[in-house]
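Presented below is the structure to which this report refers.
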Amino acid sequence: MAFPDMGKENAERHLQSAIDRLWDRSIIINWKNKKEEIRWIQGRAKYFTGEGKIELVFADLIMPYLTQLKGQFTSIAVKSVSALKRTYSIRIYELLMQFKKTGDRLISVDDFRSMLGLEEKYSQFKRLNDDVIKPAIQELNEKSDLMVLVDTVKKGRRVVALHFQFKEDKQIKMAI
């Protein structure tokens, strides 16, 4: 996939905007039944005008996690998610790829909300399903290298978990 030439000034503006967004981001770490929110960079990243590069310093609290990146995190090919436009589609793709070998993942609805950063949103499952899950699954099936099915697991009438079944689809998907 070729990207159009956006021009140097436009690219620099996008990079500066990304730096500003980095500064506003934090990470929530769940550990021993408590949540801790930390900033992952120590200070605002520095942009080197005209050089197309930035410099940032990671916060001390995040360093132990960064040293575990290779063994503890799932790597994905950028080409597999490059066509996805929805943030939640990309995050669900990542969550599924953690279970790539089995093609099967069961996630409680509460954990799912937390993993997508939606703890305070979509308290009603119907809204979560209509606004997040269905559109993301549709986009994954249309634009990624996965074919995904999702079923709900109920306790009485209440949906308590999501059961994802997926497999890699090697066919090239084209927008029509």
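We number each residue from 1, following the sequence as shown.
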Looking only at heavy atoms, what is the nearest atom pair of A136 and S89, with distance?
CA-OG, 3.2 Å
Between K85 and E139 the two heavy atoms that sit nearest each other are N-OE2, 2.8 Å
Can I get a per-line list of side-chain donor-acceptor pairs under 3.5 Å for residues 105-114, giving both atom names and the distance, sequence neighbours left out?
from, atom 1, to, atom 2, distance (Å)
R105, NH1, L95, O, 2.6
R105, NH1, Q98, OE1, 2.7
S108, OG, D111, N, 3.0
S108, OG, D111, OD2, 3.3
R113, NE, Y122, O, 2.9
R113, NH2, Y122, O, 2.8
R113, NH2, S123, O, 3.3
S114, OG, E119, OE2, 3.3

Contact between V159 and V153 at the side-chain level, heavy atoms closer than 4.5 Å - yes or no?
no
Salt bridge (Lys or Arg N to Asp or Glu O under 4.0 Å) involving [X] - partner list, sequence neighbours excluded:
X	value
K100	E168
K126	D130
R127	D131

For residues 148-157, the side-chain hydrogen bond (donor to acceptor under 3.5 Å, both in side chains) pairs (sequence neighbours left out) are none
Is the side chain of Q165 donor-acceptor paired with the backbone N or O of G103 at a distance under 3.5 Å, no angle test?
no
So T102 and F99, side-chain contact (heavy atoms from CB on, under 4.5 Å) or not? Walk me through it.
CA-CA 6 Å; T102 63; F99 289 76; 3.8 Å; yes
With [X], which residues qualify under side chain to side chain contact (heavy atoms under 4.5 Å, CB included), at least two apart?
X	result
K167	M147
Q138	E142
K121	L118

Would you give the length of the straight line joining atom [atom1] of [X] to atom [atom2] of [Y], rounded to the nearest 0.5 angstrom?
X	Y	atom1	atom2	value
I133	I92	CD1	CD1	6.5 Å
F166	N141	CZ	CG	12.0 Å
I137	R86	CD1	CZ	11.5 Å

Dump the intermediate steps for side-chain contact (heavy atoms from CB on, under 4.5 Å) on F164 and V148, then the final yes or no.
CA-CA 7 Å; F164 293 93; V148 183; 4.1 Å; yes
side-chain contact (heavy atoms from CB on, under 4.5 Å) for F125 and V160? Distances and angles first, verdict last.
CA-CA 9 Å; F125 181 78; V160 294; over 6 Å; no
